[in-house]
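Report on one structure; see the data block that follows.
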Number of protein chains: 2
Amino acid sequence: MSSASLNAPLPRLSKNGGPLYLQIAERLQRNIASGRYAVGSLLPTEHELSDHFGVSRQTVRQAILHLRQMRLISARKGIGTRVEARDAGATFSHSVRSLSELAQYAEETVLHVRDVKPVVLRGELAATLGRPAGETWLRLSGPRMLPGEDAPFCWTTTYLDRRLAGNVSTRRSYTHPIWRQIEQEADIRVREVRQSIAAKVLGRTDAARLQRPAGSAALEISRCYVIDGGVVTQLSISLHPADRFRYESVLKRDCASI
Amino acid sequence: MSSASLNAPLPRLSKNGGPLYLQIAERLQRNIASGRYAVGSLLPTEHELSDHFGVSRQTVRQAILHLRQMRLISARKGIGTRVEARDAGATFSHSVRSLSELAQYAEETVLHVRDVKPVVLRGELAATLGRPAGETWLRLSGPRMLPGEDAPFCWTTTYLDRRLAGNVSTRRSYTHPIWRQIEQEADIRVREVRQSIAAKVLGRTDAARLQRPAGSAALEISRCYVIDGGVVTQLSISLHPADRFRYESVLKRDCASI
DNA sequence: GAGTGGTCTAGACCACAAC
DNA sequence: TTGTGGTCTAGACCACTCC
């Protein structure tokens with residue numbers, strides 16, 4: 001079976017069927033979906049594809065970029081272009097608004113630090129942070145308030161690497177996220193955030209802090225802030241009363257939004 | 001002040017400081033961060049930038065693409081390139097694993113349909129779906145089970161547009177996601193998923209369904225499946241016992257992963 | 001009509017991986 | 001050494017927006 005029979009020369013030009021690179025991307029996508037290009041195998045080289053489709057290599061590269069953005073394929077210098085998934089539908093890899101509130105709500109609310117004290121890492125906390133037990137970190141906790149409201153928006157507990165804390169520990173309230181301040185002061189850059197959301201029933205202590213009845217529901221959001229090398233610099237745990245907070249996000253398919 | 005004084009000609013070439021387009025992107029990013037290019041204003045045209053930096057327009061376009069992937073700028077044909085945000089750090093727009101489990105866990109678990117019946121949309125449900133009250137949809141509900149386990153993984157209630165349901169309503173169990181089946185049968189494509197996560201306290205009915213004590217915590221995940229044109233085709237509400245489920249995601253900065 | 005970003009070409013050299 | 005994808009050039013035409 002010749003490759004021409006599978007990727008027949010394009011019968012349409014840009015004027016008819018949209019941009020060439022999209023037509024080529026769709027053709028490749030169909031051959032991946034059909035199994036003609038198996039997951040794990042390499043696509044034909046860019047040179048072969050440009051010969052085969054009768055277009056420039058740049059146009060083939062644009063088609064490949066499109067499929068890479070959909071996480072259907074990946075490319076590595078000196079190796080080739082590898083098929084990563086048969087079906088873009090299974091991935092849903094791109095999120096648009098997921099953590100926008102990570103920075104957003106921090107600017108509408110004020111975090112009041114009620115308590116600061118050093119803690120020695122051990123057990124689960126040390127494991128979560130990926131740090132040796134015995135290391136001393138700093139723990140800040142307090143309510144986050146919305147302007148003009150009486151009951152807290154959430155109760156936040158933050159663990160900080162003491163060496164990076166700088167003068168964070170001296171402040172009593174924050175309108176900007178703590179991790180942003182540490183980024184600037186310590187000249188580091190958070191590369192990713194590992195987030196975990198769980199449901200809780202409020203015990204007496206947390207219920208009092210949030211001014212809600214004990215036994216009512218709350219959403220607990222834990223976030224590990226990770227810099228280059230996989231090092232965790234901060235862990236924040238926020239407890240939100242269920243009647244004041246939902247975690248909302250929009251997940252888009254493909255990378256069509258760019 | 002001449003623009004040359006702000007974007008001085010590049011003193012380094014590719015050999016020294018990495019790819020030209022990245023050097024240009026970083027220079028533009030600095031000028032955006034400093035406020036030299038204000039949010040809402042237009043960057044110099046691609047032609048001007050290629051003149052100014054002494055590179056080809058294609059190289060400038062690669063730099064611009066890089067910043068677009070970070071959502072710092074956007075481009076519109078016939079208009080120009082607009083500055084969207086001063087700081088990439090505030091966005092965290094890309095998520096990697098957020099909803100992978102959307103397809104993932106559905107393949108490890110089995111949804112058992114215990115109840116199917118038509119429902120007439122009204123009130124909050126009609127509003128959530130963005131459909132007129134009075135329309136008749138289909139409601140499926142039942143437990144999702146993990147192989148070899150006795151207690152349900154979650155209890156799922158799914159609302160379906162009856163016109164798209166096809167023979168979905170006749171099946172009694174699913175190992176693949178329902179929305180994937182509808183996509184194939186109705187030849188539509190889900191473009192985005194709007195997701196909302198909340199904490200609940202289990203009432204008697206749900207507690208019995210999940211084989212958990214009444215008064216314990218649960219995570220409620222609601223998902224609206226949206227096709228082109230913003231039309232909602234499905235709403236799923238899953239109730240997970242808090243002791244068996246956490247919602248985990250990793251959020252990465254920039255678009256460096258492609 | 002003038003100017004913008006979007007697409008496309010036909011070359012070229014490079015860094016990297018495999019043999 | 002050979003071949004891969006990554007980068008880059010100097011052109012070109014197009015669709016779109018605004019005047």
Side-chain angles (χ1 to χ4, degrees), chain A residues 3 9-28 37 40-69 71-84 255-258, chain B residues 3 9-28 37 40-69 71-84 255-258:
Chain A
S3 75
L10 296 171
R12 311 245 173 283
L13 294 172
S14 176
K15 293 211 173 188
N16 304 316
L20 269 179
Y21 79 90
L22 281 182
Q23 296 177 45
I24 292 169
E26 281 159 19
R27 227 163 259 238
L28 293 173
Y37 297 136
S41 68
L42 298 181
L43 287 187
T45 69
E46 295 179 352
H47 182 69
E48 285 169 350
L49 288 172
S50 70
D51 270 4
H52 173 247
F53 286 117
V55 300
S56 72
R57 187 180 155 219
Q58 171 68 16
T59 302
V60 166
R61 279 183 63 77
Q62 249 184 299
I64 285 175
L65 176 62
H66 188 76
L67 298 180
R68 286 173 68 180
Q69 289 174 333
R71 318 247 169 202
L72 276 176
I73 59 180
S74 66
R76 268 188 306 170
K77 201 189 293 191
I79 307 281
T81 308
R82 187 186 133 105
V83 180
E84 295 293 342
C255 224
S257 50
I258 292 181
Chain B
S3 76
L10 295 171
R12 311 246 172 282
L13 293 173
S14 175
K15 292 210 175 190
N16 305 315
L20 269 180
Y21 79 91
L22 282 182
Q23 296 176 45
I24 292 169
E26 280 159 19
R27 226 163 259 240
L28 292 173
Y37 297 136
S41 68
L42 297 180
L43 287 187
T45 68
E46 295 179 351
H47 182 70
E48 286 168 352
L49 288 172
S50 70
D51 271 6
H52 173 248
F53 287 116
V55 300
S56 73
R57 188 180 153 217
Q58 172 67 16
T59 302
V60 166
R61 279 182 63 77
Q62 251 185 298
I64 285 175
L65 176 63
H66 188 76
L67 298 180
R68 286 173 68 180
Q69 289 174 334
R71 319 245 168 203
L72 276 177
I73 60 181
S74 66
R76 269 188 305 169
K77 201 188 293 191
I79 307 281
T81 308
R82 187 188 135 104
V83 180
E84 295 294 342
C255 224
S257 50
I258 292 183

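Residue numbers start from 1 in every chain, and the chains themselves are labelled A, B, ... in the order their sequence lines are given, proteins ahead of strands. No hydrogens, no waters, no symmetry mates; every other heavy atom, side chains included, goes into these values.
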Distance check needed: D:dT4 C1' versus A:Leu42 CG, whole Å only.
10 Å
Quick check on D:dT4: is either OP1 or OP2 less than 4.0 Å from any side-chain nitrogen or oxygen of A:Thr45?
yes
Euclidean distance, atom CD of residue A:Gln58 to atom P of C:dA10 [Å, nearest integer]
13 Å
Exercise: identify the closest heavy-atom pair between A:Tyr21 and A:Ala63
O-CB, 3.2 Å
Could you tell me whether the phosphate oxygens of C:dT7, OP1 or OP2, come under 4.0 Å of any side-chain nitrogen or oxygen in A:Tyr21?
yes
Please report, rounded to the nearest Å, how far the P atom of D:dT7 is from the NE2 atom of A:His47.
20 Å
Measure from the side chain of B:Lys77, starting at C-beta and using heavy atoms only, and say which of C:dG6, D:dT4, C:dA10 lies closest.
C:dG6
Shortest non-hydrogen contact from B:Glu46 to B:Ile64?
CG-CD1, 3.8 Å
Counting only side-chain nitrogens and oxygens, does B:Thr81 get under 4.0 Å of the OP1 or OP2 atom of C:dG5?
yes
Rounding to a whole Å, what distance do you find between B:Asp51:CG and C:dG5:P?
13 Å
Per atom distances to the A:Arg57 side chain, the nearest of C:dA12, C:dT4, C:dT9 is C:dA12
Per atom distances to the B:Arg61 side chain, the nearest of C:dG6, D:dG5, D:dC8 is C:dG6
Specify the separation, in whole Å, of atom CD1 of B:Ile79 and atom P of D:dC16.
13 Å
For D:dG11, does OP1 or OP2 lie under 4.0 Å from any side-chain N or O of B:Ser56?
no
First encountered from the 5' end of DNA chain D, between B:Thr59 and A:Gly80
A:Gly80
Within the structure provided, determine whether A:Leu72 and A:Leu28 are in side-chain contact (heavy-atom separation under 4.5 Å).
no
For the side chain of A:Ala75, starting at C-beta, report the closest nucleotide among C:dT4, C:dT7, D:dG5.
D:dG5
If you check every side-chain atom of B:Gln62, which of C:dA18, D:dT7, C:dT4 has the closest atom?
D:dT7
d(CZ, B:Arg76; P, C:dG5) in whole Å
12 Å
I need the minimum non-hydrogen distance between A:Glu84 and A:Ser74, along with the two atoms involved.
OE2-OG, 2.6 Å
What is the distance from CZ of B:Arg68 to P of C:dG5, rounded to the nearest Å?
11 Å
Rounded to whole Å, how long is the line connecting atom CD of B:Gln23 with atom P of D:dT7?
12 Å
Calculate, to the nearest 0.5 Å, the distance between atoms OG1 and CZ belonging to A:Thr59 and A:Phe53 respectively.
11.5 Å
